[in-house]
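Hydrogens, waters and symmetry mates play no part in the numbers below; they use all other heavy atoms, side chains included. Just so you know, these numbers come straight off a predicted model, no measurement behind them.
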Number of protein chains: 2
Amino acid sequence: MTTRRNKQPTIIDIAEVAGVSKSTVARALSGSPHIGEKTRERVLTAVRALGYERNHLAHSLRSGKTGLIGLVIPDIANPFWAEVARGAQDAAAASGASLLIFSSDWDPEREAHHLRALRQARVDGAIVNPVADNVDGLGRFGLPVVLIGSSAERFPELSSVGSDIAQGVALGLDHLASLDHHRPALLVGSANRLARVRFMRVVHDYCIGHDIDPATLVIEEGSYTVESGRAAMLRLLERDPKAARCVFAANDLMALGALLAVREAGLRCPNDVSILGFDGIPAAAFSDPGLTTIEKPARAIGVEGMHLLAETIEGKLEHRRVLLDCALTSRGSLAHNSDLGPTRLMAVGSN
Amino acid sequence: MTTRRNKQPTIIDIAEVAGVSKSTVARALSGSPHIGEKTRERVLTAVRALGYERNHLAHSLRSGKTGLIGLVIPDIANPFWAEVARGAQDAAAASGASLLIFSSDWDPEREAHHLRALRQARVDGAIVNPVADNVDGLGRFGLPVVLIGSSAERFPELSSVGSDIAQGVALGLDHLASLDHHRPALLVGSANRLARVRFMRVVHDYCIGHDIDPATLVIEEGSYTVESGRAAMLRLLERDPKAARCVFAANDLMALGALLAVREAGLRCPNDVSILGFDGIPAAAFSDPGLTTIEKPARAIGVEGMHLLAETIEGKLEHRRVLLDCALTSRGSLAHNSDLGPTRLMAVGSN
DNA sequence: GTGAAAGCGCTAACAG
DNA sequence: CTGTTAGCGCTTTCAC
């Protein structure tokens, strides 16, 4: 086959064809007002004729702006982060930027490596979910950054966007209360996880604000997986069947596990036990019953992250922390508690 | 003596500090053998001292290689494509390349737009899942491309990697046969979708090879969504309860929908009806029972795509079509058919 | 309005 | 081995 390997045309080529200088071409291409209408037409015609496309590299090198944005997340294959990426992607595309996506795999070393790569690629800025206590890596980044996810609170000097866990938890607890479940059992992560601490702090505050003694709450521990949720639910069922009437899980995977356990125990959801999840993963829609859950605004986080970053890059913004609302997605895993008495008794008794 | 400390250091800065010329610095940095051990040390020391990091843009502009790879997929938020991206990501990282990921949203226009953006970014090559009959767009791309996904067969002149649908379908049908289900009902997409045609062709060939009259197969149509799968299953149950003993869905979402329908109809899976899916989406693990499915090698497709592309870029490879094997993931949705007779009768009768 | 010229930071001949 | 000299393709003064 005949392979025409002509190099791509440059502004010099089109300058020649249009019979002008390359600076004139540059002006025409950048929409400068200091150029004659007729000249511009001639240049544009040549551009079309040669199929010219601007070399981004040269443009970036000279102008100092690459139109590249870095996105560092734990795992692109994780539905939540994929949604975040999708949002960032959309927002980036809308502003003509391209996204360089990297997975840190929760590894501080990889994160540092990626940050370095982004700096070398001369990205205009980056959106990152800081993985571990990589304060140094981020502090030295030297480029506009916006943090996403909840670990952002460890870097108070950087702009960030995340979901409003407090609002989400309150939303869930309020909704449960409206179904007459006032003391749901809690399925949370292991004590050393920051997420667990944060979740519990919010629950604690809510209880204080609603005249509930936090000490009366029944808590089971899992590790954010389906299997751990299943095991935790089984334990709960054995330990305190009455408290198990209603369960609020700190993430959907554990909630789904709890659902499995309920069925295994010969009980039914929501008739025997109500389950509320937290996250809003797609799989929650396919269980039976569908899992009612507090949905984090994943895509919006990506979109808003890009907006914050854009403002940061333009210097319009000194610092901001954006918290996006979670929303309740009702499916079938919650029922009204028609038998409140025993639950109350249990809560008091287990004190 | 103009020392600009506010900007990132360049090789000129480090040349000054090390007391050599910038070409020597470049040589030291690129690990050239034509340089003295002592000089190299001196340069490297200066590099560390100034915290120098090579400017990728300038490097790329000069060398003609950007180390950028484009990935164009329909949707990064779709679990399957997210996995593909993850694989490509890993392979790219391993070879020091960065990925520019774009979502085409199944829109030929957006795809064309992204292809243009990639060309302008001077990526070294691209991996794309061609969306529509965008033959022109791809033909004119002018850069090394590797196609992924099954629509690749429309571009026989380009290298591609995809899952071996024929092998996957045969795997499923064989497995069902081993459970004594010889004529599963088929839940497929709508007739105008390429995927449906491909799926059915493979089933057809399999039947011919196994002395089964394809015309005796019971087929229901959906549109690759949970809801459509549910509706299709309900129809099937009403139309031909006996054929509904075993269902092979063309994708997991429809299979999950079928599962819902079975339960709604007061039947149980797998005891009353066995269901086999196709895809291997994560959600298939959380249903009850877990969905047994034919899993496409999503991540491997990404990895292999990157490898193929690398070879294509290096010119080592003229053309190749790689088909990766699907695998059976057994969960609980399949049971042995202990009552073969009626099924056979039904198949013949419905002819 | 338009052109000439000077780089952005780096690589790659070609001399010494 | 090392320095000198050209650029890669584009933007951007600064003259005219």
- Task: Indicate yes or no: at least one non-hydrogen side-chain atom of A/H113 is less than 4.5 angstrom from one of A/R116.
- Result: yes
Note to self: Would you say that more than 12 heavy atoms from the other residues, nucleotides or ligands in this model lie under 6.0 Å from the CZ of B/R110, or not?
What the structure shows: yes
Whole-Å distance, B/R62 CZ to C/dT11 C1', equals 5 Å
Does a donor on one side chain sit under 3.5 Å from an acceptor on the other, for B/R321 and B/S160?
yes
message: With a sphere of 6.0 Å drawn around CD of B/E109, does it hold more than 12 non-hydrogen atoms of other residues, nucleotides or ligands?
response: no
* To do: Verify whether one side chain among B/S21 and B/S23 offers a donor that lies under 3.5 Å from an acceptor in the other.
  => yes
Next item on the list: May I ask you to check whether over 12 heavy atoms, not counting those of B/R198, lie within 6.0 Å of atom CZ?
Entry: yes
- Query: Do A/R320 and A/E311 sit within salt-bridge range, that is, some charged N less than 4.0 Å from a carboxylate O?
  - Reply: yes
- Query: Is there a side-chain polar atom (N or O) of B/R54 under 4.0 Å from OP1 or OP2 of C/dT11?
  - Reply: yes
Query raised in the report: Should A/R86 and B/D105 count as an ion pair when the cut-off is N to O under 4.0 Å?
Result: yes
Which pairs, protein N/O on one side and nucleotides 1-5 of chain C N/O on the other, fall under 3.5 Å?
from  : atom 1 : to    : atom 2 : distance (Å)
C/dT2 : OP1    : A/T39 : OG1    : 2.6
C/dT2 : OP2    : A/G36 : N      : 2.8
C/dT2 : OP2    : A/T39 : OG1    : 2.9
C/dG3 : OP2    : A/S21 : N      : 3.0
C/dG3 : OP2    : A/S21 : OG     : 3.1
C/dG3 : OP2    : A/T24 : OG1    : 2.4
C/dG3 : N7     : A/R27 : NH2    : 2.6
C/dG3 : O6     : A/R27 : NH1    : 3.2
C/dG3 : O6     : A/R27 : NH2    : 3.4
C/dA4 : N7     : A/S23 : OG     : 3.3
C/dA4 : N6     : A/S23 : OG     : 3.1

Pairs under 3.5 Å (Watson-Crick or G-U), crossing ones as [ ], inter-strand ones as |: DNA chain C comes out as |||||||||||.||||
B/V43 and B/A28 have their tightest heavy-atom pair at CG1-CB, 3.7 Å
Whole-Å distance, B/I11 CD1 to C/dA12 C1', equals 12 Å
Outer limits of DNA chain D sitting under 4.0 Å from a non-hydrogen atom of chain A, read 5' to 3', are D/dG9 to D/dT12
Tested for side-chain hydrogen bond (donor to acceptor under 3.5 Å, both in side chains) against A/E53, the lone hit among B/R122, B/R119, B/Q120 is B/R119
